[in-house]
Every structure is written in structure tokens, then in C-alpha cells.
Amino acid sequence: MTFKKKRAFHFGGASWLLLCAVADGALAQDAAPSSSTQLPEITVTAPSPIVRRRAVVPSRTPVRVARTAPGQNRQRAAEPQAAPVAAAPQQGVLPIVTDQFATVTVVPNEEIRRQGTAQLGDLLFSKPGITGSTFAPGAASRPIIRGLDVNRVGIVENGTNAGGASDLGEDHFVPVDPLATNQVEVIRGPAAMRYGSTSIGGVVSATNNRIPDTLPTCAAAPFQTYGLPAKAPLANVGSPSCVTVETRTAVSSVDRGVDGGILIDAGGGNFAVHADAYGRKASDYSIPGYPYLFDQTRPVNGRQPNSAMQAAGASIGGSYIFDGGFIGAAITQNDTLYRIPGIDGADHQTRIDARQTKFTAKGEYRPDAAAIDAVRFWAGATNYKHDEIGLADPADLSSLGVRQSFTNKEQEGRVEVQMAPFNARFAAVTTAFGLQAGHQELTAPSPDDPTSPLNGLFDPNKNNRVAGYVFNEFKFSDSTKAQIAGRIEHVSLSGTTPAFVPELFDLNVDPAAIGPATPRNLNFTPKSVSVGLLQDLPWGLVASITGQYVERAPKPAELFSRGAHDATATFDIGNPNLGIETAKSIEIGLRRATGPLRFEVTAYYTKFSGFIFRRLTGNTCEDVACVGPADPAFPLELNQAIYSQRDATFRGGEFQSQLDVGPLNGGIWGVENQFDVVRATFNDGTNVPRIPPVRVGGGLFWRDANWLTRINLLHAFAQNDIAPIGETPTAGYNLLKAEVSYKTKLDPSWFGAREMMVGLVGNNLLNENIRNSTSFNKDQVLLPGIGVRAFANLKF
């Protein structure tokens, strides 16, 4: 979305708006040779079936592939596009999305390459309003958005569910490796409604080229856009064959880690294929201090015990591309073996051996019809299993074996029909309809005591869901848009759980203390609706306001859990009587994507009715007993956690900005900063557990056409707003990072490479003790200490 510069000062009552005008005028003249205002715009993946959005992010190519937006002339889009005149491409420009009704966080390819994390939660850890669970740093970390996690944050890859079991336990890894990912977006608000009601907090969308939607280009090194293709990229259908190769490698000091991957794209005629393979390995990572807050007796030797990991994966896919659309499929394999840090994990040598096979397909067809603009579909099938391995007896090394297994067999499909815009006199109206269906079977068997009524955690259960949704966008003018969206779904869950599980019991004393196994068949019909308004303002500003009403059905783990979860050292007790969770929220935002000053500020308020959470009771348990603090046997090995439901309120906000101050040595130097806060309480004023702290940060950068240098300090305040039982305060910390990277074109005649990107990244340079307040094991696990990562990417 491009905005015309205006010097209208009737909004000038606010000093920060004057700053926008001053920065736009005073700095643009000096910064013109390499200012971000001249950077080419690129289209990024659309979170809704209607709006194509653009973020100002750097591109390495002078040619931008045009894409058809709703309402544009499709015949014209199919014609070859002239290359626009673009400024020298630069890294490190803050990507701000301005044409969505809620905040969208974009992590472009080059930033992913610089960060080099193994988990999405680690990649997004420092983004405003986002953090990670970091249960096993570098191996198992799930994104947390505005204090909401697992069952309220969806994770998708190329439009389909990532699968796995990361929403069933904080110790479970996310089977989407950033090493094979080209872009990550965090989608909030109405656009997340297409993925389901379990995305109240948002959706983390990872994209790559495993199902190609365009033919590869060998003549240049274009920035690829991963989304839904229009006809423009299809002008090369029937072109000669072409092969491109990319290698990604890195080494890190903090964990003596090494990772590498290769990506191959080939195509010719109407066919495009993609293949990739990657691997990574790391030892126990270095820590700056002693990790265990309440046990000072264990040897550590400068490293977090039991934190090593290794992973590997591969994928192959292909597409048939035709004039008006494409259809393609891919099969992907993920394998990982990682250890679980913490006292219990170290004592029992706990590790998780996971493997996932996933089939995905997607396609689009844009018919030459007056009423229908596009028909799209996504489909996926996942077969996932992991074994939780450990010692049955810490004193007996021969007792190492599988303590529990998790399996997830899941299939899903989604189809959308986007109608052509029509003139309703008061507005141009664009409508999209969607239908989604899925089936899931979960098991969690354990070989320990198979006859116990508490065996198997939540084994087995089934989950069927079907949903329909509609998006309606109203374009009143080029500067004013509105959206109304709705979704209704039906969820059927079946499983077996004891008729009752008291908080305190001992099956050795009273075998009937727990009720008999009872089949449950539960049905829910959640409904959701949202409305939003988007308004362009002077100086390139865009304001938005969104209201949502979202209902969520309970998930199987919340309903049917019934026993020991060794990796998290908890004894989970579900509640089959849980009802629908309802969230009523409002969000307002103001953004600016162009000019030397780029920023976004967002505030939100969410009222939950029947908020479902895992409540630590203060009791402790073992496999067949739970005791209270007054019991002589207290404490036992596991912390008791009961799924409960209460009304709650979440409110908070985020801010981030980047200012190009002026030219320096042929480049641009500037400042950037960020801030985020979330406050979450129950109706009685007590705190929702495991909420991120208030954070504020800032830094300096310098960039030109090839170089990017940056130093940033993120300060997290102490988190003392904790649950009254089972949670301890978390100290604040300072996280200092610095990076330098160099990117350039190469002469392919040297050794075949067309483009190179190399760099160094320093993390936690103050070597501080960092504990994550959102993690269940924060009192036993420190985040990695000071470390340096060196990386190199080559494109052939």
C-alpha cells in the first residue's frame, strides 16, 4: 500500500505527528540516495482470503513480480511487467504491514538467516508482544503471543497445520525448522479466523517453496514471494529448464553447534520441483551461572545439564503450473532427538526422540469468469510420534527406556472461493467463503503400570471438526476500508477418562479413590465474528480498529489428561466438564511503513469468559498418589496441575519504531526501539500464571547496499505479578545483541555462486543469567550465555 505525502497540519495537535512530518521532510532530502522510502515493495503472504498486503522490506532484485489483487484487471496482470527503478537494496529495514486490520509481525528471509534459531519460539523471542516457551532452549520452544500459548496460538506451514504435539506439552518441539523456512509471519485479529477458533492469540505462519507456485528464474536472483500466485508469474510457462541451488551453513560457540542445509529448485515447461535437506547438532550449551535456584548441590561445570540436541529433515515437492493457476504437493520428513534440561530431566537423562512424516498439497485456479476471482485449496496429513526416554530409576542406569509415547495422526483440508468485487454503490464489496474440515487421533501410552487408571496421560482420544467462514471487505474509498467476518464450527471429541480424580489420593492405600474409566463424547459449536475499520491518514499513517467475539472449544489435553507427564515434571488432571471459552476483544493501532520514520503502536483489551488454564495446586504427585504440603511424604516428584476455568482479563500494548537519522560513510545510520506489556488477571484480582514481563529495548544500526551492522539492548523487568500458588517471581535481565552481515552479488564464473551472504551475530553479550517467566522450568533452566554465531549463505 503506497501513500501520497501530504503536508496537512490540521492533525498537528500531537507532537509525535509533527515528528513524522519533520522526519519526512528534514531527513528524506539527505537520505535520498539510500533511504528506505525508495526500497521496492514486495508482496508477502496474505493472512486473509481477500486482502493482499505489502510491507516495505528489502529486496535484492530490481524486478518485482506483479500479482493480481482483487478487482484488478486480470488480463493486464498477465502481461510482462516493466522493471521499476529501485534504490540500492538494503537489509535491516523494519517491515511494517499497513493494510491489515490488526498487527502483523513479519520476519523476512534475511533476518531468519541472521538469527539462525532452531525453533520458532526462539526466533520470535524478542519481537514486541511475542516471546517463547523456551522449555528446552534451542530444541523445544513454542511462540507465546500476548501471554497466550499452546491452545490459543496456531502454527501453520504453507497454509496447513504444522502437526506435531507442541500444543500438548511445553517440552515438545515445533516441527517447523527455520533452517528450511523462508519467511515467518505472526497474524493476529480477524485474519486468524480462517485457521480456527484455537487461534485467539494469533497464528504463526511459516512459508517456504516446498510446493512451488512459480517457475524458478535463473537469469537473476529474484526475491521469491511465497503466497498465492496470480497470472503474472505464469508468463514464463513453457520456458527452458532451470535449476537454482542455495546452501545455508552456520556454526555457534555457545553450544558448539553446527547446522547446514541445501535447497534446490528446478523447473521447465509447466512443471516446477523443489527439494531440500537440512541437519543441525549442538552440545549442552554454556550458561553464565548456576541454573538451579533451590538446589545448590548438583555439579554443573558451566553448561546447562542435559540440553544437547540434534535434528534432520528433508522434503521433496512439485507443482504443475498452468495459465490461471497451479496445483502441487510435497512430502516432508522431520526427525529430532533432544534432551530436556532441569533437575528431573538431568537425573533421569530425559530425552525426546521424535519423527514426523507430513504430506501437503495446495493449489489455486483463477477462472476467466465474471463472478469468481479465485478458488484455492490446502490439504495436509500428518503422522507424528515421539518417545519420551529416561531412567525409571535414577540410580539404575540399566533402567533407561521409553517412559511414554505421543502419537498424532491428523488430516485436514480447506477450500476457499473468493468472489470478484462488485459495486454496491456505497462501497466496492469483496467476499470470500471458506470451508474447513479436520480429523485428529491422539495417543499417549506408557509401558509403566499399564493396568493403572492413570496410565497413558490422555490415551486415546479423537477430535473431529468442520467449519465454515466468510470474509466481507468494504472499500468505501481508497483511504477507507471495513471488514466483517464470521465463522461457525462444530467440534466432536471422544475419549476415556476416570469418572473423577480427587486432588489428594493414594491408590496404594485406596484403589477405589479414583473413579472408573468412563467414555466421554463431547460436542461443541463455537461461533466467532469480527468487525474492523482501516483508515489512511496524512503523512503515510494508517489507523485501524478491530472488535472480535471468539468462542473456543476445549482441546483433548484439557479434557482428558489423567496422570504423570514426566518431561514437564507435572501430574496433569483434565476436566471433561469444561465448557466453551469466550474471548471479547478490541484492538486499536497506528502504523507508518514509509519514510525515514517507520513505526507501529498497538493497544488491546480482551475479556475472557471461562478462560481455560493449567493451574498448579501446590500439591505433589507420583504415579499413583498425590499429597498435600501437610502430608509427611511431601514433596513427591511431580507438581500437580489441574485444568481449570475462570473469567480473566488481558490488556496490553506494543510499540516498535525505526528512524533513519542520516547518511554516514555511504550508508544510513539510525536508531530503533521497542516496548511491550501485557497484564492478565482473574476476576478476583489474582494473576494469570506465567505471563511475560514488561520489556523495553533499543539500539543503533548502520546499513548500505551490502552491509548491515546493529547493536540492541532488550531489558526485561522483573516479573512479580505471579499466581498465588505454584509460581515464583522472576528476576529481570538485560539481553545485549550485536550483528554484522555482508551481502553481495557474485560472478558465477568464479565458482558458480550468484549471491553470497555472510555474517557474525553475538548473543547475550553481557553474559547475564536470563530466566523466562513463561516457562514451567524457569527456576531450573538458564537461557544460553554469551555466544557468537557465524553463518554463510550461497545461491547458485
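Source: prediction; values computed, not measured.
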Would you say [X]'s side chain and [Y]'s backbone share a donor-acceptor pair under 3.5 angstrom?
{"X": "R188", "Y": "T103", "value": "yes"}
{"X": "S319", "Y": "P212", "value": "yes"}
{"X": "Y278", "Y": "D177", "value": "no"}
{"X": "T430", "Y": "E473", "value": "no"}
{"X": "S315", "Y": "I331", "value": "yes"}
{"X": "H172", "Y": "A165", "value": "yes"}
{"X": "Q119", "Y": "V174", "value": "yes"}
{"X": "N334", "Y": "P175", "value": "yes"}
{"X": "Q356", "Y": "N408", "value": "no"}
{"X": "T336", "Y": "Q310", "value": "yes"}

If you round to the nearest 0.5 Å, how far is [atom2] of [Y] from [atom1] of [X]?
{"X": "F796", "Y": "L746", "atom1": "CZ", "atom2": "CG", "answer": "9.0 Å"}
{"X": "L124", "Y": "I145", "atom1": "CG", "atom2": "CD1", "answer": "8.0 Å"}
{"X": "T382", "Y": "Q411", "atom1": "OG1", "atom2": "CD", "answer": "8.5 Å"}
{"X": "K385", "Y": "D353", "atom1": "NZ", "atom2": "CG", "answer": "9.5 Å"}
{"X": "R591", "Y": "L534", "atom1": "CZ", "atom2": "CG", "answer": "7.0 Å"}
{"X": "N151", "Y": "L168", "atom1": "CG", "atom2": "CG", "answer": "7.5 Å"}

Check whether any side-chain heavy atom of [X] lies under 4.5 Å from a side-chain heavy atom of [Y], and answer yes or no.
{"X": "R376", "Y": "R366", "result": "yes"}
{"X": "V542", "Y": "D99", "result": "no"}
{"X": "F791", "Y": "R248", "result": "no"}
{"X": "D122", "Y": "Q115", "result": "no"}
{"X": "I112", "Y": "N182", "result": "no"}
{"X": "Q91", "Y": "W707", "result": "no"}
{"X": "R114", "Y": "M757", "result": "yes"}
{"X": "M309", "Y": "F173", "result": "no"}

Under 3.5 Å side-chain donor-acceptor pair for R142 and S166 | yes
Return yes if a side-chain donor-acceptor contact under 3.5 Å exists between E157 and N208, otherwise no.
-> yes
Option from R465, R194, R487 for which side chain to side chain donor-acceptor pair (under 3.5 Å) with Q436 holds | R487
Looking at every non-hydrogen atom in both residues, tell me the closest pair between [X] and [Y] and how far apart they are.
{"X": "L708", "Y": "R710", "value": "CD2-NH1, 4.2 Å"}
{"X": "N161", "Y": "K358", "value": "O-CD, 4.2 Å"}
{"X": "F271", "Y": "L215", "value": "O-CD2, 3.4 Å"}
{"X": "N158", "Y": "T207", "value": "OD1-CA, 3.4 Å"}
{"X": "S199", "Y": "A192", "value": "O-CB, 3.9 Å"}
{"X": "I187", "Y": "S205", "value": "CD1-CB, 4.0 Å"}

Show the numbers, then the answer: is there a side-chain contact (heavy atoms from CB on, under 4.5 Å) between E110 and S741?
-> CA-CA 10 Å; E110 291 175 346; S741 59; over 6 Å; no
Kindly determine whether V184 and V204 satisfy side-chain contact (heavy atoms from CB on, under 4.5 Å), including the steps that lead there.
-> CA-CA 7 Å; V184 173; V204 179; 3.9 Å; yes
Output, in order, the C-alpha distance, side-chain angles, deciding distance and verdict of side-chain contact (heavy atoms from CB on, under 4.5 Å) for Q658 and V93.
-> CA-CA 8 Å; Q658 190 178 72; V93 176; 4.3 Å; yes
Apply side-chain contact (heavy atoms from CB on, under 4.5 Å) to K745 and K795, showing your working.
-> CA-CA 9 Å; K745 299 284 187 179; K795 293 183 179 180; over 6 Å; no
Run through Y469, F471, F433 and flag the one making a side-chain contact (heavy atoms from CB on, under 4.5 Å) with E416.
-> Y469
What orientation do F406 and H386 show, parallel under 30°, tilted 30 to 60°, or perpendicular over 60°?
-> parallel
Is any NZ, NE, NH1 or NH2 atom of the basic residue among R113 and E739 found under 4.0 Å from an Asp or Glu carboxylate oxygen of the other?
-> no
